[in-house]
Amino acid sequence: MNLSLYDTRSRELQEVTSTGSLVSMYCCGPTVYRDAHVGNLRTFLLADLIARAITLSGKNVNLIQNITDVGHMSEDISGEDKMLAQAKAESTDPFAIARKYEEGFHKDLSRLNIIPAHLYPRASASIDLMIATIEELFEKKFAYLGNDGSVYFDARAFPGYGAISGNRLDALKPGHRFEYSEENGKRFHADWSLWKSAGTRTEMIWDSPWGPGFPGWHIECTAMSLKLLDGHINVHVGGIDLRFPHHENERAQSNAITGHESVDLWVHGEHLLFEGRKMSKSAGNVVLLEDLVEKGLDPLSLRFSLLENRYRSQMDLSWDSLTASHTTLRRWRKQLHAWGSSKDLLADEQISAALLTDLDTPRAMQRLRVVEKSTEITAHDKRAIFLYADQVLGIDLDRVEEVEPISPAIEKLLEQRSTARLEKDWQASDRLRDELESLGIVVTDSGQGQSWSRA
RNA sequence: GGUGGAAUGGCCGAGAGGCGAGGCAAGGGACUGCAAAUCCCUCUACACGGGUUCAAAUCCCGUUUCCACCUCCA
């Protein structure tokens, strides 16, 4: 069985295509001028889940994810470059900012068990490639030099514009809802810049046939995906907000160059809300993975929470749901440990069917809960089914809570409490339990005496 | 104004025309010196109005409300 995903362009479920058994994938990566928040991470997780599901279906994946370290200026001329603004704020070199947040990005991915892409090309190292791509667009009559010295894509030269988002060129004229400020050099309101003239800028600019400047935002993904994936992308992944204008423009550029549909399947992940609102600085509800860790939650409880929702629905995350995930995750790991230590995998048809049908992770999770409670499935098989599912879910179900050696002082307290219990000295026993708890050790009693674990 | 979606119990949420998803919270019980953990039980919801059907949360039409995108955005 092959993986099917919802394709934004055709608006229907489509089987993932491949060349032989190799699936080429491209995922729009981060702009590294700040820490990725958990909403950003939802999209990166989506790419990981797709890659893992394709692997489960017996194919191989070649995944490319770009790193945008050339800040894009907003199309609005008054907009400020994010990378340069942040560099100013942290009073350091813009490339130092980029390296710092790029490192943080990789750390977050690893904490979320996201399997690394095969390549993370940096925009700053691909300027020549982007220039060559723009030159090709000139040759094919899709690009023109504006009278402000910047290079623009001629939207009207590309007939299929709007297929992904449903926006028509004439409907893109400014409506009531937003103010549109005209750029000087454009011939048409929907054209966009491929190369921006440096103007007064002195940092992060490069030489080009059109003079010093920097690449437009959309050309980056076209240049990299076509070059690194041989001109054809089977699956293209990104957040819903990139559908327009980014992916619409990317598609126009890429198809203009290749002369055919360059991307088979466009997959878009929906937004993650936090406590009812879109995550944003102004709403003050930006949550980082680091915040979870600081609250003592396993970072994978975020992954767990995200898995309990369909990637195409807006999802409302809260500390309650994260805590619930954390609890269940720990219980499942304990169960797996109790079910044995075999590494066997047992393919479960319901789980594979759910995962391969538009990545229905909630149904797969539901199936696991049924398996957990089943009285007909043996412990060995339960474990094998959970391990099978974990190949895609990636929540480390096989992890055994690390048995860090405890300090002699804590060991002594545990001994004292054990003795106090034997002597039925409940007062001393409770006091010692509180003391241990303040040291991060949770003591529980059972018929066989006390046991402990780390909080 | 254009475009893409959504509406399910106290909360989060899955739903495939027909056997009440599940989780969290809450209440009760078992176990326990007490807790914690665990287990058992309780809490029968689908925005509104029509329609199709033997049967609708699910399909169709209309209404209302909400969210997102419309040149910074995961």
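Convention: sequence-line order gives letters A, B, ...; per-chain numbering from 1.
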(request) Could you walk me through whether A:Tyr311 and A:Asp358 pass the side-chain hydrogen bond (donor to acceptor under 3.5 Å, both in side chains) test, one step at a time? (result) CA-CA 9 Å; A:Tyr311 75 90; A:Asp358 202 20; 2.5 Å; yes
Could you tell me whether the side chain of [X] has a donor or acceptor atom within less than 3.5 Å of a complementary atom in the base of [N]?
| X | N | value |
| --- | --- | --- |
| A:Arg421 | B:C34 | no |
| A:Arg363 | B:A16 | yes |
| A:Arg433 | B:A36 | no |

So [X], base contact, sugar-phosphate only, or nothing? Heavy-atom distance under 4.0 Å.
| X | value |
| --- | --- |
| A:His37 | base |
| A:Asn309 | sugar-phosphate |
| A:Gly269 | nothing |
| A:Arg42 | nothing |
| A:Leu272 | base |
| A:Tyr6 | sugar-phosphate |
| A:Arg417 | base |
| A:Ser313 | sugar-phosphate |
| A:Val443 | base |

(request) Hey, could you give me the CG/CG distance between A:Leu329 and A:Leu397, rounded to the nearest 0.5 Å? (result)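 Answer for the CG-CG pair, A:Leu329 versus A:Leu397, is 6.5 Å.
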(request) May I ask you to decide if A:Ile67's main-chain N or O and A:Arg122's side chain share a donor-acceptor pair within less than 3.5 Å? (result)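 Looks like no, no N/O pair under 3.5 Å.
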(message) Any carboxylate oxygen within less than 4.0 angstrom of a Lys/Arg side-chain nitrogen, looking at A:Asp291 and A:Lys295?
(response)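 Looking at A:Lys295 together with A:Asp291, the answer is no, because their closest N to O distance does not fall below 4.0 Å.
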(message) Salt bridge or not between A:Asp430 and A:Arg433? Use side-chain N to carboxylate O under 4.0 Å.
(response)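 Here A:Asp430 pairs with A:Arg433 in a salt bridge, since their nearest N and O are under 4.0 Å apart.
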Provide the distance between the two [atom1] atoms, one in [N] and one in [M], to the nearest whole Å.
| N | M | atom1 | answer |
| --- | --- | --- | --- |
| B:A21 | B:A74 | P | 38 Å |
| B:A55 | B:A16 | C1' | 16 Å |
| B:G9 | B:G27 | C1' | 16 Å |

In whole Å, I'd like the distance from the [atom1] atom of [X] to the [atom2] atom of [N].
| X | N | atom1 | atom2 | answer |
| --- | --- | --- | --- | --- |
| A:Glu248 | B:C69 | CD | C1' | 12 Å |
| A:Leu112 | B:A74 | CG | C1' | 13 Å |
| A:Leu322 | B:C24 | CG | P | 14 Å |

Side chain of [X], heavy atoms from C-beta onward: which of [options] has the nearest atom to it?
| X | options | result |
| --- | --- | --- |
| A:Lys373 | B:A74, B:G23, B:G33 | B:G23 |
| A:Arg11 | B:A74, B:U71, B:G4 | B:G4 |
| A:Gln314 | B:G33, B:C67, B:A36 | B:C67 |
| A:Asp430 | B:C70, B:G33, B:C24 | B:G33 |
| A:His271 | B:G2, B:A36, B:A68 | B:A68 |
| A:Thr43 | B:A74, B:U71, B:G2 | B:A74 |
| A:Asp316 | B:G33, B:A74, B:C12 | B:C12 |
| A:Trp426 | B:A14, B:G33, B:C67 | B:G33 |

(message) Can a side-chain donor-acceptor contact be found between A:Trp192 and A:Gln253 if the only test is distance below 3.5 angstrom?
(response)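 Short answer, yes.
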(message) Please verify the inter-ring angle class for A:Trp266 with A:His247; under 30° counts as parallel, over 60° as perpendicular, anything in between as tilted.
(response)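 Ring orientation of A:Trp266 relative to A:His247: tilted.
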(request) For B:G4, give its Watson-Crick or G-U wobble partner with both distances under 3.5 Å, or none. (result)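 Pairing partner: B:C67.
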(request) On RNA chain B, check which nucleotide each of A:Thr328 and A:Arg310 is closest to and give me the residue with the more 5' one. (result)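 Whichever sits nearer the 5' end wins; that is A:Arg310.
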(request) Using heavy atoms to find the nearest nucleotide of RNA chain B for A:Ser321 and A:Gln335 separately, return the residue whose nucleotide is more 5′. (result)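 The residue whose closest nucleotide sits nearer the 5' end is A:Ser321.
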